[in-house]
Each structure stands twice: as C-alpha cells, then as structure tokens.
Amino acid sequence: MAKPTQFAIRLLRWHEGIDRDLPWKKNRNPYQIWLSEIIMQQTRVAQGTPYYLKFVSEYPTITDLADAPEDDIMKLWQGLGYYSRARNLHHAAKTVRDEFDGDFPTAYKDILSLKGVGKYTAAAIASFAYGLEYAVVDGNVIRVLSRYYGITDAVDQSSTLRFIQEKADLLIKGSDPSDYNQAIMDFGALQCTPKSPNCAICAFEDTCTAYQKELVSIIPTKAKKIKKRTRYLHYLILEDSAGRVIIHHRREKDIWQSLYDYHCIESLTDTQLGEEEIRKDVLDNFGLEVESIIYPTKAYKHILTHQTLYGQFYQIKVDQISNINSPYLNIDQGAIPKYAMPVLITNYLDDTKKDKLFS
DNA sequence: AATGCGGGGAC
DNA sequence: GTCCCAGCATT
C-alpha cells in the first residue's frame, strides 16, 4: 500500500479544522450521494441544498424516484436550471431499478455508465460511497491544481484537463479517497477561491507554483469566451370563458426542454404583435376566434448564460377550447401549479397574482 | 474539439 | 456588467 503524498498530508492536515456539515454527508448511502452530486453540478451549495432535501424527502429510495412520473420530477426540479439533469436523473433511476435490481451499482464503470454521470460524478460516488480510489476533478480541483503547478495554459482545453487529471490521480494515491476528495474540494471552495484567495495563510505557501511566481491572480486561464444572443418571446395566454387555458410542453431541442410554458411567437426585435397577426396565428394554430386581447405593459427580462430573453404576455380571451393536440394541452387555470415552468413564466405569474391582491 | 444548457450569488 | 458554481451530453 502506497503512502500518502506530501500534498495529501498537508491538505488533510488543513482539512482537520474544517467542518462544512453538508446534509448528504451524514452517511454513505450511494443513492443520496448520487442525488446530491447531480443536483450540485454547476450549482452552488446554498442553491442546491433545499432541492436535495425536497428530493430525498419526496423520494426516499431510488425506486421511488424511478416510479415517479417525469412531470412530478420536473416540478420538483423547477427553478434549479439545467433541466436535462432532472431527465437524466429519472432515466438513471429507471436503469438502476431495471438493470441493477434496484441496487445502486458499486463498480466505477457501471456508475459511469449511468445517464448524467460523467467522470467527476462517478469519482465522487465511487470514493464517497464505496471508498474507491478515484480522484475528483471539478471546478475547485482544476483551480487548486492549476495554481499549485503553475499551469498557465487554458484549463478549458482538453489537453490541459488531461494533464490536471493525471496529477490528481497521482496525488490521491495512498490516501483515504473519501477524505482526500472532500478535502481538496473544500480547499478550493474555502481557501483557494477564484477571487482573492487567502494566500497569506496557506498550507502550500512554500510549494504553490502560482504563489511563488505571483501568478495566482491570472490562474486559471480560459480560452473560450461566450457570446450571447437576444430573443424576444411573445407569450399568448389563451383562455376561454370556462377558465380553460392552453399550455405548451417544450419538446424541441431548445432551452427549458421538458418544461411547460404558453404558446409563443418569437421575434428578432422588441416590437409588439399586431392584433391581426395574433388573430391569424390563433386561428391557424388552434382554430379559435379571438374575443379580446389585453396587451402587455412590460417586458420580463431574463438572463441565461448564453441568451438574454425578453418575455411579454398577452392575455387573450377565445371561444370554447377543445381538441388541442400535442405538444399543446388545455387545463384548468388552477392546475397550473402542477406543471414545471421556467422562472421567466413563474415571475410573470407571481406578479399577476400579486396584482390581483391589490386590485 | 466545440457547443448548448439555468439560475443565482459575489464582486 | 463579469465570473463561476460538487459538469454533462451531443455533435
């Protein structure tokens, strides 16, 4: 058995004084660890924790999760973002139920084969749940090791990432894998932070290359820059006199896949829709006559990583709604809370509800 | 190798 | 405004 590396010894000594008290670290239940890791992908602990608690309470076992309707899972995921995680979560739960007899797989390669589980998540589960020696490489580890080794190459290049992974695989050797992985991520989150890390009091003051060369502020570097596009979404809220409304299940390859919204007309500028344009659209798409239109008085700005959205909501009364085809659905207005919707939509709905309280 | 996918918090 | 967060699937 190999002895821990010098890096690991210092790291774990630093970690002795740290206690983050995360709710999914109370035991080694692989289901709970997997669930927490999926939820925490690209998500801050403070944002994801309430969702973890909801899921583990609503679905105590992975079979409970597998048996649940997708709409229920999406609703519980509403507001967390990156909704493919929720779909993959459901898919993987069904795989465990059907292919692994309901028992979470214990072999690294089987864990990695699950939908939504990549190299990082597989290593996290394997080490935290089963004590297997797989080094995690997440945003924290990339930052810590790129600084430690003074790597100025862009960390969003696969060659750089491969190099970091190799170093991580060496550094973990001989240590308790669970402790080591937890420690290095805590170190990145609490000590070696993206901005103004606490280098003055650091366990690696004398061995960190970036600190020695005064490169801490410029490492890690990235090559790619994201460019945004702007979209104008005109939502038609079609409602009949019986209180039935038409909602839309987003099945296309686009943002918010699997969520529900309203019938949408998209434009490249922020100009409002004309009355005749609306009448024709509603007649062509649903065979319905428009009785009245309340035009939007404001646009809801919503910012995503790659897009800036402006949403406007047109309240439209139509004649009797019937025979609506997929991906459209007609429901009672009061049934809306059962369907997962984008935050842009729920922001609007919250505003309208508030308006009614004061009118 | 490159791209798209959310929402929010820190600065 | 910018950056980035317990990343992944798809092309």
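Only heavy atoms go into these numbers, but all of them, side chains included; no hydrogens, no water, no symmetry mates. A, B, ... follow the sequence lines: proteins, then strands. Residue 1 opens every chain.
- The side chain of A:His306 lies closest to B:dC5, out of B:dC5, C:dC5, B:dG7.
- The side chain of A:Lys115 lies closest to C:dT10 when the candidates are C:dA6, C:dT10, C:dT2.
- B:dG8 and C:dC8 have their P atoms separated by 23 Å, with the value rounded to a whole Å.
- Atom CH2 in A:Trp77 sits about 12 Å away from atom C1' in C:dC8, given to the nearest Å.
- Rounded to a whole Å, the NZ atom of A:Lys228 is 16 Å from the C1' atom of B:dT3.
- Comparing A:Trp256 and A:Gln157 along DNA chain B, the residue whose closest nucleotide (by nearest heavy atom) sits nearer the 5' end is A:Gln157.
- Proximity of the aromatic rings of A:Tyr235 and A:Tyr314 is defined here by a centroid distance below 6.0 angstrom, and this criterion is not met.
- For A:Thr121, counting side-chain heavy atoms from C-beta on, the closest listed nucleotide (C:dG7, C:dA9, B:dG7) is C:dG7.
- Counting to the nearest Å, the C1' atom of B:dG7 and the CE atom of A:Met40 are 14 Å from each other.
- For the residue pair A:Asp351 and A:Tyr300, a side-chain donor N or O sits within less than 3.5 Å of a side-chain acceptor on the partner.
- Heavy-atom contacts from other residues, nucleotides or ligands closer than 6.0 Å to CZ of A:Arg20 number more than 12.
- Comparing A:Ser84 and A:Ile303 by the nucleotide of DNA chain C that holds the closest heavy atom to each, the one mapping nearer the 5' end is A:Ile303.
- The NZ atom of A:Lys25 sits 9 Å away from the C1' atom of C:dA6 (whole-angstrom rounding).
- For the 3.5 Å distance criterion, the side chains of A:His15 and A:Asp179 fail to qualify, holding no donor opposite an acceptor.
- At a threshold of 4.0 angstrom between heavy atoms, the contacts of A:Gly79 are confined to the sugar-phosphate backbone, with no base atom among them.
- Residue A:Glu37 has its side chain nearest to C:dA6 when only C:dA6, C:dC4, C:dT11 are considered.
- When the nucleotides C:dG7, C:dC4, B:dG7 are ranked by their closest atom to the side chain of A:His302, B:dG7 comes out on top.
- You'll find a donor-acceptor pair under 3.5 Å spanning the side chain of A:Thr305 and the base of B:dG6, going by distance alone.
- If you check every strand for non-hydrogen atoms under 4.0 Å, A:Trp34 touches nothing.
- Donor-acceptor pairing under 3.5 Å is recorded for the side chains of A:Arg143 and A:Asn140.
- Of the N and O atoms on the side chains of A:Tyr120 and A:Glu37, at least one donor lies less than 3.5 Å from an acceptor on the other residue.
- Counting to the nearest Å, the P atom of C:dC3 and the CD atom of A:Gln42 are 15 Å from each other.
- Closest contact between the side chain of A:Leu304 and the listed nucleotides C:dC8, C:dG1, B:dG6 involves B:dG6.
- Side-chain N/O atoms of A:Asp110 and A:Ser113 include no donor and acceptor closer than 3.5 Å.
- Contact annotation for A:Asp254: backbone-only contact, meaning every heavy-atom pair under 4.0 Å involves sugar-phosphate atoms and none involves a base.
- Listed nucleotides B:dG7, B:dT3, C:dG7 differ in distance to A:Lys224; the shortest reach to its side chain belongs to B:dT3.
- In this structure, of C:dC5, C:dG7, B:dG8, it is C:dC5 that holds the atom nearest to the side chain of A:Arg143.
- Phosphate proximity of B:dG4 to A:Tyr82: absent, as no side-chain N or O sits under 4.0 Å from OP1 or OP2.
- In this structure, A:Ile345 atom CD1 and B:dG6 atom P are separated by 14 Å, rounded to whole Å.
- Checking C:dA6, B:dC5, C:dC4 against the side-chain heavy atoms of A:Gln182 singles out C:dA6 as nearest.
- Residue A:Leu22 is in base contact, counting any heavy-atom pair closer than 4.0 Å across all strands shown.
- Each of C:dA6, B:dG7, C:dG1 was ranked by its minimum atom distance to the side chain of A:Tyr120; first place goes to C:dA6.
- Closest-nucleotide positions on DNA chain B for A:Arg162 and A:Pro342 were compared, and the one nearer the 5' end corresponds to A:Arg162.
- Of the side-chain N and O atoms in A:Gln307, one or more sit less than 4.0 angstrom from OP1 or OP2 of B:dC5.
- Across C:dA6 and B:dC11, the matching C1' atoms stand 22 Å from one another, rounded to whole Å.
- Contact check, A:Gln41 against C:dG7: no side-chain N or O comes under 4.0 Å of OP1 or OP2.
- Rounding to whole angstrom units, CD of residue A:Gln47 and P of C:dC4 are separated by 17 Å.
- Tested against A:Trp24, the residues A:Tyr31, A:Tyr51, A:Trp34, A:Tyr52 include a single ring pair (Phe, Tyr, Trp, His ring centres under 6.0 Å) partner, A:Tyr52.
- If you check distances only, the side chain of A:Thr43 does reach the base of B:dG6 with a donor-acceptor pair under 3.5 Å.
- Here A:Ile39 lies out of heavy-atom contact (under 4.0 Å) with every strand.
- Nucleic acid contact for A:Ser36: none, since no nucleic acid atom lies under 4.0 Å from a heavy atom of the residue.
- On a pure distance criterion of 3.5 Å, a polar donor-acceptor pair joins the side chain of A:Arg44 and the base of C:dC4.
- Straight-line distance from the CG atom of A:Leu259 to the P atom of B:dG6: 8 Å, rounded to whole Å.
- A:Arg20 comes within 4.0 angstrom of a base, heavy atoms only.
- Among the heavy atoms of the strands lying under 4.0 Å from A:Val117 are primed sugar atoms or P, OP1, OP2 only; no base atom is included.
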